[in-house]
Protein chains: 2
Amino acid sequence: MDAKNPVRTTEKTLTLIEELMTKEPCGVSELANDLEMGKSAVHNHLNTLRTHGYVLKEGDVYRLGLKFLEVGGHSRKSMEIYQIAEPEVKSLAAETGELANLLVEEQGMGVYLMRAKGDEAVDLDTHAGLRTSLHTTALGKAILANLSEERVETILDRHGLERKTSRTVGTREELFDVLAEIRERGYAVDDGERLEGLRCVASAITSSSGEVLGAISVSAPANRVSDEALHGALPERVLSAANVIELNINY
Amino acid sequence: MDAKNPVRTTEKTLTLIEELMTKEPCGVSELANDLEMGKSAVHNHLNTLRTHGYVLKEGDVYRLGLKFLEVGGHSRKSMEIYQIAEPEVKSLAAETGELANLLVEEQGMGVYLMRAKGDEAVDLDTHAGLRTSLHTTALGKAILANLSEERVETILDRHGLERKTSRTVGTREELFDVLAEIRERGYAVDDGERLEGLRCVASAITSSSGEVLGAISVSAPANRVSDEALHGALPERVLSAANVIELNINY
DNA sequence: GCAATCTGTTCTCTATACCGGAACGTTTAT
DNA sequence: ATAAACGTTCCGGTATAGAGAACAGATTGC
């Protein structure tokens with residue numbers, strides 16, 4: 001939903017920020033061309049952002065500053081789910097030796113709040129703050145399974161059902177079947193749907209009132225996760241960690 | 001240095017963001033009062049930010065969204081120093097069992113890029129993105145010691161010499177003495193200057209051309225760091241980790 | 001070595017759009 | 001019931017954003 005009276009100047013600033021994020025260091029003229037803005041406008045916006053620490057100038061090129069990390073880090077730190085889940089996700093990674101993740105939903109997308117690597121963990125490109133479609137990961141599906149069907153429809157309307165690999169769930173019907181299955185057994189599984197050869201087990205974290213707060217997962221290469229483990233020891237661990245988090249959140 | 005032709009509308013947006021960071025969830029009227037803006041202006045700005053994911057509305061209150069974490073996470077991930085130092089900082093934490101940190105300088109301030117906790121680590125409030133005066137931490141002093149005297153003066157002119165505890169270095173002269181000492185022995189020490197009872201050892205990370213890229217440290221409670229360790233085993237570990245990082249950066 | 005063409009920055013002027021203030025519909029408190 | 005808050009919408013006067021031109025400096029091509 002768009003704002004009724006959008007502040008166009010602010011939107012230009014935000015467009016500039018997003019362009020800087022994808023292009024990284026670049027100059028005024030390049031940005032002006034790409035965004036079809038005048039050079040003076042780009043220059044004024046960049047320098048306004050610069051005096052506030054959001055943008056840095058190195059020689060003749062501009063790039064994003066760490067102010068965004070400051071604001072983002074502050075937001076994350078103030079989230080109860082992060083404060084409580086953080087040590088548990090780390091334990092989960094240490095105990096399994098694999099990669100553990102914490103995801104929350106925001107505006108219909110999944111946002112990774114953190115990841116923790118065990119000794120043997122694969123190195124995925126999931127850094128804190130990264131966004132992902134909910135239907136493409138076990139984490140996201142664990143969350144979707146705990147939302148109302150109506151809510152899920154709304155999310156799908158907004159973000160669609162983009163495919164990541166040939167195994168990604170392709171239709172709404174298929175997705176709802178998967179979600180029902182997840183609700184039944186209590187955890188979600190990703191068997192190479194997001195990345196070939198990667199297996200992943202996730203569980204939602206819910207408040208005492210049944211509201212979803214987020215999800216945690218363990219990801220490991222298929223050759224280290226037997227079929228038995230995928231539906232036995234691994235989900236047991238993940239569910240246990242989720243349980244501890246839920247207990248701590250509800251005091 | 002202020003921009004020549006600042007974009008005032010953008011500045012209002014940024015002010016709003018910073019107010020939201022300190023106040024957390026709050027409504028339109030409260031923000032309008034605090035910032036001496038009209039309600040409609042605040043409303044328009046908030047909703048513009050909202051359609052771009054930077055702000056969320058929960059009921060009748062607004063708060064910052066995780067978009068900032070996305071942008072910040074992206075910036076951090078694209079920094080060479082982070083990519084290379086990350087595993088080493090984690091090792092440092094694991095081996096010492098204490099808290100290890102990575103700091104870089106930006107606009108005369110120190111910015112924590114990450115922290116890693118060992119098994120016994122104290123839990124400080126140093127989260128990723130947090131800013132700190134350079135002269136108040138061992139990390140910052142390790143960086144200052146590798147900057148030109150001129151650069152250091154400029155930074156002090158901009159940010160002053162705020163005291164954190166009674167032990168914080170209080171005058172420029174004192175600071176320059178400390179920095180000379182750091183250059184001589186190769187590492188910086190903080191013995192309760194930032195926080196009573198906390199000892200900290202840090203080393204700068206420099207490129208092959210001698211430019212400072214950042215600094216790493218280990219922090220531990222005084223009762224676990226003997227006077228010998230503070231100038232023996234601990235700096236040895238930190239320096240060794242810094243060395244590995246420097247080697248990896250210069251291929 | 002000179003001209004041509006980049007670059008980022010500064011300046012001016014006006015069409016634009018930001019936003020104060022008033023009105024609206026709800027919700028909460030008295 | 002009444003009042004006082006809230007968030008949201010609307011409108012119109014006016015501050016200002018930004019196109020375009022001109023600038024200085026760097027780099028290029030011939």
Side-chain angles (χ1 to χ4, degrees), chain A residues 1-65 67 106-107 154 209, chain B residues 1-65 67 106-107 154 209:
Chain A
M1 179 188 55
D2 269 23
K4 259 285 160 5
N5 297 2
V7 184
R8 292 190 222 290
T9 308
T10 297
E11 293 197 313
K12 278 171 198 156
T13 299
L14 298 180
T15 309
L16 214 37
I17 289 168
E18 251 144 74
E19 190 68 13
L20 272 177
M21 184 165 58
T22 60
K23 291 222 143 189
E24 284 304 317
C26 60
V28 173
S29 300
E30 191 179 346
L31 288 167
N33 282 331
D34 293 349
L35 303 178
E36 295 178 356
M37 294 170 64
K39 281 200 297 175
S40 72
V42 171
H43 180 261
N44 291 154
H45 278 262
L46 287 176
N47 281 285
T48 304
L49 286 167
R50 190 154 82 96
T51 58
H52 292 260
Y54 293 89
V55 161
L56 303 175
K57 189 166 85 158
E58 285 173 347
D60 269 358
V61 298
Y62 292 83
R63 63 178 186 82
L64 294 178
K67 183 89 182 187
E106 196 174 282
Q107 300 185 322
T154 311
S209 60
Chain B
M1 177 189 54
D2 270 23
K4 260 283 157 9
N5 297 0
V7 183
R8 293 193 214 292
T9 307
T10 296
E11 292 197 315
K12 278 172 199 158
T13 298
L14 299 180
T15 310
L16 214 37
I17 288 168
E18 251 145 75
E19 189 69 13
L20 272 177
M21 184 163 61
T22 60
K23 292 224 143 187
E24 284 303 317
C26 62
V28 173
S29 299
E30 191 179 346
L31 289 166
N33 281 331
D34 293 350
L35 303 178
E36 294 177 358
M37 294 170 65
K39 282 200 295 174
S40 72
V42 172
H43 180 261
N44 292 154
H45 279 262
L46 286 176
N47 281 284
T48 304
L49 287 167
R50 190 153 82 96
T51 58
H52 292 262
Y54 292 90
V55 160
L56 303 175
K57 188 166 84 156
E58 284 172 349
D60 269 358
V61 299
Y62 293 83
R63 63 178 185 82
L64 295 177
K67 183 87 182 189
E106 195 175 283
Q107 300 186 318
T154 311
S209 60

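Protein chains get the first letters and strands the later ones, always in sequence-line order, with residue 1 at the start of each. Model, not experiment: these values are computed from the prediction.
Within the 4.5 Å cutoff, the side chain of B:Tyr62 has no heavy atoms near those of the B:Glu30 side chain. Looking at A:Val42 and A:Leu35, their side chains never come closer than 4.5 Å, going by heavy atoms from C-beta outward.
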Under 3.5 Å, which donor-acceptor pairs do the side chains of residues 6-16 of chain B form with other protein atoms, sequence neighbours left out?
unit_1	atom_1	unit_2	atom_2	d
B:Thr10	OG1	A:Thr13	OG1	2.6
B:Glu11	OE2	A:His52	NE2	3.3
B:Thr13	OG1	A:Thr10	OG1	2.7
B:Thr13	OG1	B:Thr9	O	3.4
B:Thr13	OG1	B:His45	ND1	2.7
B:Thr15	OG1	B:Glu11	O	2.7

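We find that CG of A:Asn5 is positioned 8 Å from P of D:dT9, with the value rounded to whole Å.
For B:Thr22, the side-chain contact (heavy atoms from CB on, under 4.5 Å) criterion is met by B:Glu19, not counting sequence neighbours. Applying the salt bridge (charged side-chain N to carboxylate O under 4.0 Å, His left out) test to A:Glu106 and every residue at least two apart in sequence or in another chain returns A:Arg131.
Contact annotation for A:Ser40: base contact, defined as any heavy-atom pair under 4.0 Å involving a base atom. At a threshold of 4.0 angstrom between heavy atoms, the contacts of A:Lys39 include nucleobase atoms, whether or not backbone atoms are also involved.
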Problem - Trace of the side chain to side chain contact (heavy atoms under 4.5 Å, CB included) decision for B:Tyr54 with A:Ile17 - result: CA-CA 12 Å; B:Tyr54 292 90; A:Ile17 289 168; 3.9 Å; yes
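To the nearest 0.5 angstrom, A:Leu46 atom CG is 11.0 Å from A:Leu56 atom CG. If you take CG on B:Asn33 and NZ on B:Lys39, they are separated by 9.5 Å, rounding to the nearest 0.5 Å. Note that CD of B:Gln107 and CZ of A:Arg50 are 8.0 Å apart. Values are rounded to the nearest 0.5 Å.
Between A:Lys12 and A:Tyr62, the residue anchored nearer the 5' end of DNA chain C, judged by the nucleotide with its closest heavy atom, is A:Tyr62. Mapping B:Lys57 and B:Thr9 onto DNA chain D by nearest heavy atom places B:Lys57 at the nucleotide closer to the 5' end.
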Fill in the blank from the handout: The dot-bracket string of DNA chain D, counting Watson-Crick and G-U wobble pairs with both distances under 3.5 Å, using [ ] for crossing pairs and | for pairs to another strand, is |.||||||||||||||||||||.|||||||
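For residues 21-37 of chain B, proximity to DNA chain D is found at B:Gly27, B:Val28, B:Ser29, defined as any non-hydrogen atom under 4.0 angstrom from a strand atom.
Here chain B contacts DNA chain C (any atom closer than 4.0 Å to a heavy atom, that is under 4.0 Å), and the contacts span C:dT10 to C:dG21 from 5' to 3'.
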